[in-house]
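See below for the structure under consideration.
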Protein chains: 2
Amino acid sequence: MEVYKGEKKRLYLEYNSIAHLFSFQVEAFMEVHEYQRDEWIIQEGMRPDFLFYVMEGKAKIYVTHQNGKVSLINFINAHDYIGEMELLNDVYYTKGIQASTKTVCFAIPIHRYRTQLLDDAKFLRELTKFLSIKATHMAAKYSQSLAFPLENRLADFILQTADEGIYKEKHVTVCDYLGVSYRHLLHVLTQFCAKNYLKKDGRNYHIKQSHSLNELAEVLKNQ
Amino acid sequence: MEVYKGEKKRLYLEYNSIAHLFSFQVEAFMEVHEYQRDEWIIQEGMRPDFLFYVMEGKAKIYVTHQNGKVSLINFINAHDYIGEMELLNDVYYTKGIQASTKTVCFAIPIHRYRTQLLDDAKFLRELTKFLSIKATHMAAKYSQSLAFPLENRLADFILQTADEGIYKEKHVTVCDYLGVSYRHLLHVLTQFCAKNYLKKDGRNYHIKQSHSLNELAEVLKNQ
DNA sequence: GGAATAATATGAGATATCTCATATTTTTGA
DNA sequence: TCAAAAATATGAGATATCTCATATTATTCC
């Protein structure tokens, strides 16, 4: 992790302002943090000292269960908040956040700004929207995971993450995200190939019949 | 549904104030609604005209999937908000909300107060907390549903809902909530009886070994 | 009060998904 | 550059969960 200092920090702030998110000056004690791929932005179980706002990059929220299973709860992208749960709640089990690409965040020290943040309607309004979408999204994922087999959820995931007709997510990550075993994921992917929805090419999968995948994914929709 | 009028309304407002939740006068156009058991407070797919704040009673959030399966997403209790998603988001698939006991809510007309509400730090702060807890709760349910079999989740649910050592939830509701088939729920309940964790008595189940259920439920915890 | 509806109950076979074992290939780090 | 670690791959048997069929109570409503 790198904390931008001096000229580097000044330049970054100049070109990437988040002043519009607050109605007061937040820059005085704000830091700019850069994390490398696979680095932990927040360690599971350890309360963070900052509220983060992601400017660039992608990250993943993980939680480890007592039976050793790991769930990838969600992906984090640019313009998302991190650590807002800890800002709001005194009691909270902190989840792990891991960068999956180089990630640059603004880091706002909680102890310094907590009171001001919780009094700022502009900030709270944006955060409320962010949280409402997050809650809705989790509710949708939850109910879908119980109502549909992997076949449907995977079809949706493939269509969402494929780039130019090619799907190439890491199986291990996808297992954690969709909450199924590695074995079963491979099994359903093989089925998709057998049905000619996908064509395997080394580690990539070419989408051959997106309409078939669409049909499978479509039944999840409405929410 | 009954809308309190005249003296009844005046008295109810006098004894149940929510003035402390806002920094402006919200009472002028606020209504008081009472719903009977099983009545729909919000119909699935229909945008509500009010932001509700539940004063008394309990309700359930439902969503219907395209394959006909119904998910009971969550329970709603006193001091929860309803319709806050529609207040915040212009595009949102509205879920159904059904009263499960007599339920009294304050109903704040959205078109009238939207702007003021979204500018009120006091209101937004409470709502943000409410949403953060909701999001966390959904995330926990989601990851648990994928990481643990029904046995563990049911044990937790039984302990949470039992009253004086007796569990008597309706099977149909529980199926929708835990996202399993009726058949399977009964199967696991029968197992619990066979293991002597529970003793069936007509439609009730007496908890005989809460420590065993506790052990099963415990592994979900940490979050 | 009786017919219709909802809730409970149980069996049996099907399927979705998991666990474990093991092999190969790729990536990483000293 | 090489050994260790991570990711991919596949088989086979186990288990969690589902579907469907059917019967028996409760509950609701005219």
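When rounded to the nearest whole Å, the span between CZ of A:R183 and C1' of D:dA7 equals 15 Å. Rounded to whole Å, atom P of D:dG11 lies 16 Å from atom CG of A:L185. Distance, A:L189 CG to D:dT10 C1': 14 Å, rounded to whole Å. Put simply, CG on B:L216 is 12 Å from P on D:dA16, counting in whole angstrom units. Straight-line distance from the CG atom of A:N204 to the C1' atom of D:dA7: 14 Å, rounded to whole Å. What separates CG of A:L186 from P of C:dA23 is a distance of 18 Å, to the nearest Å. Per the geometry, OH belonging to B:Y205 stands 15 Å off P belonging to C:dA7, to the nearest Å. Atom pair B:R37:CZ and D:dT27:P shows a separation of 11 Å (rounding to whole Å applied).
Checking A:Y197 against A:Q191 by side-chain atom types alone, no donor-acceptor pair falls below 3.5 Å. A donor atom on one side chain and an acceptor atom on the other are not found under 3.5 Å apart for B:S71 and B:D176. Defined by atom type and a distance below 3.5 Å, a donor-acceptor pair is missing between the side-chain atoms of B:H111 and B:D49. For B:E44 and B:T94, the side-chain atoms include no donor-acceptor pair closer than 3.5 Å. A donor atom on one side chain and an acceptor atom on the other are found under 3.5 Å apart for A:H79 and A:Y53. Looking only at atom types and distance, the side chain of A:E31 has a donor-acceptor partner in the side chain of A:H33 under 3.5 Å away.
A heavy-atom distance below 4.0 Å to DNA chain C is reached by none of the residues of residues 147-156 of chain B. Proximity of residues 174-182 of chain A to DNA chain C (heavy atom under 4.0 angstrom from any strand atom) is restricted to A:G179, A:V180, A:S181. Residues from residues 157-165 of chain A that place a heavy atom under 4.0 Å from any atom of DNA chain D: there are none.
The listed nucleotides are D:dA9, D:dT17, C:dT10; the one nearest the side chain of B:H187 is D:dT17. Among the nucleotides D:dT10, C:dT19, D:dT19, the one closest to the side chain of A:K69 is C:dT19. When distances are taken from the side chain of B:H184 to each of C:dC20, C:dT8, D:dC18, the shortest belongs to D:dC18.
Cation-pi check for A:R112 over A:F29 is met; the charged atom lies under 6.0 angstrom from the ring centroid and within 45 degrees of its normal.
If you look at B:Y4 and B:Y12, their ring centroids are closer than 6.0 Å. In this structure, B:F157 has its ring center under 6.0 Å from that of B:Y177. In this structure, B:Y205 has its ring center no closer than 6.0 Å to that of B:F192.
Where A:K170 and A:L146 each meet DNA chain D at their nearest nucleotide, the meeting point lying more 5' is that of A:K170. The residue among A:R203 and A:Q191 whose nearest nucleotide of DNA chain C lies closer to the 5′ end is A:Q191.
Note on A:E151 versus A:K195: salt bridge recorded, some NZ/NE/NH1/NH2 to OD/OE distance being below 4.0 Å.
Within 6.0 Å of NZ on A:K199 lie no more than 12 heavy atoms contributed by other residues, nucleotides or ligands.
Contacts of B:H171 with the nucleic acid, taken as non-hydrogen atoms under 4.0 Å apart, involve only primed sugar atoms and P, OP1 or OP2.
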